[in-house]
Amino acid sequence: MYLELEQQLSRHVREFIKRQYELDLDRLVVDQPPNVGLGEFALPLSFELAKKLRKPPRKIAEEIVAGLGAVPGFEKFEVAGAGYINARVDRAAAARMLLKPSAMKAAPAKAEKILVEHTSINPNKAAHIGHLRNSILGDTFVRLLRSSGAHVDIQNYIDNTGVQVADVVVGVLYLEKKDKSFIEELIMNSTAAQPFDYYCWDLYARVSQWYEESKDNLKLRLQTLHDIEQGGNEAAAMGKLIATAVIRRHLETMQRLDIQYDFLPQESEILHLHFWDLAFEQMKQKGVLYFETEGKNKGCWVMKRAGTKPAEVTEEVPAGPDEDAKVIVRSNNTVTYVGKDIAYHLWKFGLLGKDFGYRKFYLYPDGHQVWISAESGDADHPHFGGVRAIYNVIDSRQADPQNNVIEAIRGLGYTEQAENYHHFSYEMVALTPRCAMDLGYNVSEEDQKRSYIEVSGRKGFGVKADDLLDSLIGAAQKEVDSRHPEMPESERRDTATQIAIGALRYFMLKFTKGTVIAFDLKDALSFEGETGPYAQYAIVRATNIFRKAGLSAEEILSGETDLRFLNEDPELWEIWLRAGQLSHIVRQCIATTEPAYAAKYAFQLAQQFNNFYHRHHILTETDEARKRFLLVTAAVVRRVLMQCLDLMGIAAPNVM
RNA sequence: GCACCCGUAGUUCAGUGGAUCAGAACGCUCGCCUCCGAAGCGAGAGGUCGCAGGUUCGAGUCCUGCCGGGUGCGCCA
């Protein structure tokens, strides 16, 4: 509702400014006044116009108000302060927009596809809290996009040929001194108590330690990596076995959080299907890549590094080799990671001229199918890639390589694609030294002085995703058990799970992307204050009112309601106004790739509702018209809050 | 050395194209369950928005410099 009114107002004001002053405003700032008593929207444009028109702001504001005329949905406009224009909406008309069942229904699906890539955990160990931030941000962003009508494919990129997987193979071969059948047995016997990815987590940490003991150990690593790349041997078979089993575990972990995928492209196929060869041809043809004949990169194919300018050429300093260039093909003819990534991204935009094979990989309980890349796939399969826009949810440390890929795509002349390539960048999750020690890790004296310590699979340093979830469910279960001893066990379990997921997802979303989350176990386990359960609880309270009254929260919205109360109590109107802002918030989240706004909004709306709940005792209200209005208010907030939580992948429990 | 991010209450963090912006949660102190569930509500204490300049009618927000913290910068993946 809020968004529509804002657009309506913006359009009318622009048209008026164009008519009256012959000025085209490329943007119009629409603020909110400090309190609703002054109106719902505030326009500071007079201040900007003051210079151009050489008139005092207040005078301009008066002219605009006088000449603007009637705007549908608005009651009146006033000049305030030194030149603000405050707009008051027709409250009853706005409220009716909110009562319509279509208030938040998505726009019709657009034909163009958008690709969101997230999670992308190396398939050699269990997922940890850092990965959770990635997956939750990515999944929430997908939900936001889909709610606004976008057709989104979700990809989880699998780097299954790197050293990380090789390291676990090395561990099995040289530390455990075991073979492929040992791995097969482990995978087969993987249980909730002894999950295979946990085994890998520990072994990976041991191997990393072991490498530091001797140079010979590092040689075995190189040999194993080479074997895996070659293929057709025991090490390669073991690597594939391990990676596939760990991927399956990751899918299971994420499934607990209601996170699903459509397609898992693997690096092994990018290599074996020779994606690079096609990209290489394109890049040579367009001159993005050139062969360096001198300097430190002699014998390599290189490209200009993103964000750099060519060195100045003067008579004294003749043009030399660009020592800062990014090497794409090494002098031994092997391609670097960025090179492979360029090829992969050309595929994403449908610019490579080649496709993966597709094979079924995993079926969710709800019937949704995950596909995985294959050299030769199933005959019947959906098609991925060839999208208009992409969002890569990758932490901020990958900014440089990401920019190099964008630079290459731009260099190839795909300007539009380069513009629609979004690195959805976020900061990492780190442990405070305090937290790390509480968790029982040995923290060196040097690390103790740091403000935070990076979570590291290599060091085995970090909180595993499944462990954290288990702790959260356990804590929630204790609360539920004590509050609802009469409920059946399975129902208590389900409720506790919903609360735990709500707490975890909200925790990862409430920080803005650019903030390093200094992980605090106590905060993460909290169900009070600015948390998911706080918002869930507001919904439960609303639900209880309707249960007690024997009414349906949805049905009550369709009847006749006296909306004059909106004009009597500004605090009641404020709740309605806030409830009407969801579509505005969604749009803002998408435009800025910042889901934290949705989290903040949900909390504020819940806070306002709890306040409302405390001030008005609805069921004992004697004035029937007023009682009905208060019930409708509760129903509206409940519906919007549920929609908002759903966008964040947080369920609304029936009781808690 | 270069590039990017961060610096706001005791703590963890919001503050979205400048104004009406000194905010929330946690923690602390004090109140509120005979009343739709207290995972809640209310009140209080607590901050020269890292420092110094600049732009402006106006700067937590923009620009420059400095200080402090973090990350990245290989023919590694």
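Keep in mind that this is a model prediction, so the values were computed, not measured. So you know, we letter chains A, B, ... as the sequences are listed, proteins then strands, and number each from 1.
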(message) Give me syn or anti for B:C57, where syn covers glycosidic angles within 90 degrees of 0.
(response) anti
(request) Give the nucleotide from the list B:A14, B:A25, B:G17 with an atom nearest to the side chain of A:V29. (result) B:G17
(request) Take the protein atom CG of A:D400 and the nucleotide atom P of B:G70, then report the distance between them rounded to whole Å. (result) 19 Å
(message) So if I take every side-chain heavy atom of A:K600 and compare against B:U12, B:C13, B:A25, which nucleotide ends up nearest?
(response) B:C13
(message) Taking the minimum atom-to-atom distance to the side chain of A:N297, which one of B:A14, B:G70, B:C75 wins?
(response) B:C75
(message) Once you apply a heavy-atom cut-off of 4.0 Å, does A:K296 come out as touching a base, just sugar-phosphate, or nothing?
(response) base
(request) Considering only atom P, compute the distance from B:G65 to B:U12 and round it to an integer number of Å. (result) 29 Å
(message) Regarding A:H345 and A:N392, do their side chains bring together a donor and an acceptor under 3.5 Å, going by distance alone?
(response) yes
(request) For nucleotides B:G7 and B:G50, find the distance between their C1' atoms and express it as a whole number of Å. (result) 6 Å
(message) Over all strands shown, is A:S425 touching base, sugar-phosphate only, or nothing at heavy-atom distances under 4.0 angstrom?
(response) nothing
(request) Test for a donor-acceptor pair under 3.5 Å between the base of B:C75 and the side chain of A:S331, counting only N and O atoms. (result) yes
(request) Could you check A:Q398 against A:N35 and say which one's nearest nucleotide on RNA chain B is further toward the 5' end? (result) A:N35
(message) In this structure, how many angstroms lie between the P atom of B:A77 and the CG atom of A:N122, rounded?
(response) 14 Å
(request) Whole angstrom is fine here: how far is it from CG in A:D159 over to C1' in B:A77? (result) 7 Å
(request) Please measure how far the P atom in B:U64 lies from the corresponding atom in B:C73, and state the result in whole Å. (result) 25 Å
(request) For the residue pair A:Y534 and A:F603, categorise the inter-ring angle as parallel (less than 30°), tilted (30 to 60°) or perpendicular (more than 60°). (result) tilted
(message) Would you say the ring centers of A:F47 and A:Y84 fall short of 6.0 Å from each other?
(response) yes
(request) Between A:H584 and A:G81, just flag the one whose closest nucleotide in RNA chain B comes earlier from the 5' side. (result) A:H584
(request) Assign a letter to each nucleotide of nucleotides 32-44 of chain B from its 5' end: B, base within under 4.0 Å of a protein heavy atom; S, sugar-phosphate only; -, no contact. (result) ---SBBSBSSS--
(request) Using Watson-Crick or G-U wobble geometry with both distances below 3.5 Å, tell me the partner of B:G65, or none. (result) B:C51
(message) Which nucleotide, if any, forms a Watson-Crick or G-U wobble pair with B:A39, using both distances under 3.5 Å?
(response) none
(message) Measure CD1/A:I406 against C1'/B:C4 and give the value in whole Å, please.
(response) 14 Å
(message) By nearest atom, which of the nucleotides B:A19, B:A14, B:C73 is closest to the A:F511 side chain?
(response) B:A14
(request) Pick the C1' atom in B:A14 and in B:A25, then give their distance to the nearest Å. (result) 10 Å
(request) Mind checking A:Y452 for me? I need base, sugar-phosphate or nothing, with any heavy atom below 4.0 Å counting as a touch. (result) sugar-phosphate
(message) Out of the candidates A:N134, A:L137, A:I517, only one should pair with A:M508 under the side chain to side chain contact (heavy atoms under 4.5 Å, CB included) rule; please name it.
(response) A:I517
(message) With a 4.0 Å cutoff (strictly under), does any side-chain N or O of A:T336 reach OP1 or OP2 of B:C75?
(response) no
(message) Measuring to OP1 and OP2 of B:A77, would you say a side-chain N or O of A:T161 lies under 4.0 angstrom away?
(response) no
(message) Counting the atoms with a prime plus P, OP1 and OP2 as sugar-phosphate, which does A:K513 contact under 4.0 Å by heavy atoms, base, sugar-phosphate, or nothing?
(response) nothing
(request) Pick the C1' atom in B:U8 and in B:A3, then give their distance to the nearest Å. (result) 26 Å
(message) With a 3.5 Å limit on both atom pairs, tell me what B:G1 is paired to, counting Watson-Crick and G-U wobble, or say none.
(response) B:C73
(request) Could you tell me whether the phosphate oxygens of B:G15, OP1 or OP2, come under 4.0 Å of any side-chain nitrogen or oxygen in A:Y597? (result) yes
(request) May I ask you to check whether A:E427 and A:S396 show a side-chain donor-acceptor distance below 3.5 Å? (result) yes
(request) Grab the CD-P distance between A:E323 and B:G74 for me, whole Å please. (result) 14 Å
(request) State, yes or no, whether a side-chain contact exists between A:N86 and A:P33 at a heavy-atom distance under 4.5 Å. (result) yes
(request) For the residue pair A:I158 and A:E267, establish whether any side-chain heavy-atom pair is separated by less than 4.5 Å. (result) no
(request) Quick one: sort the A:Y2 and A:H584 rings into parallel, tilted or perpendicular, breaks at 30° and 60°. (result) perpendicular
(request) Look at the side chain of A:M428 and decide which nucleotide, out of B:A14, B:A25, B:U71, has an atom nearest to it. (result) B:U71
(message) Tell me the interatomic distance from A:D447, atom CG, to B:G70, atom P, rounded to whole angstroms.
(response) 11 Å
(request) With C1' as the reference atom in both, quote the distance from B:G27 to B:G10 in angstrom, rounded to an integer. (result) 8 Å
(request) Would you tell me whether A:D494 and A:Q498 have side-chain atoms, one donor and one acceptor, within less than 3.5 Å of each other? (result) no
(request) Answer with base, sugar-phosphate or nothing: what part of the nucleic acid does A:A549 contact at a heavy-atom distance below 4.0 Å? (result) nothing
(message) Between P on B:A77 and CD on A:Q164, what's the gap in Å once rounded to a whole number?
(response) 11 Å
(message) Suppose we define a pair by two distances each less than 3.5 Å, Watson-Crick or G-U wobble; what does B:C57 pair with here?
(response) none
(request) Searching all strands shown, indicate the nucleotide that pairs with B:C26 (Watson-Crick or G-U wobble; both distances under 3.5 Å). (result) B:G10
(request) Tell me yes or no: between the side chains of A:K298 and A:S331, is some donor less than 3.5 Å from an acceptor? (result) no
(message) Using the ring centroid of each side chain, check whether A:Y344 and A:F275 are separated by less than 6.0 Å.
(response) no
(message) Taking the P atom in each of B:C75 and B:A59, what is the distance between them to the nearest angstrom?
(response) 48 Å
(message) With rounding to the closest Å, how many angstrom separate the C1' atoms on B:U56 and B:U61?
(response) 14 Å
(request) For B:G46, give its Watson-Crick or G-U wobble partner with both distances under 3.5 Å, or none. (result) none
(message) Using whole Å, what does the distance between atom P of nucleotide B:C5 and atom CD1 of A:I394 come to?
(response) 18 Å
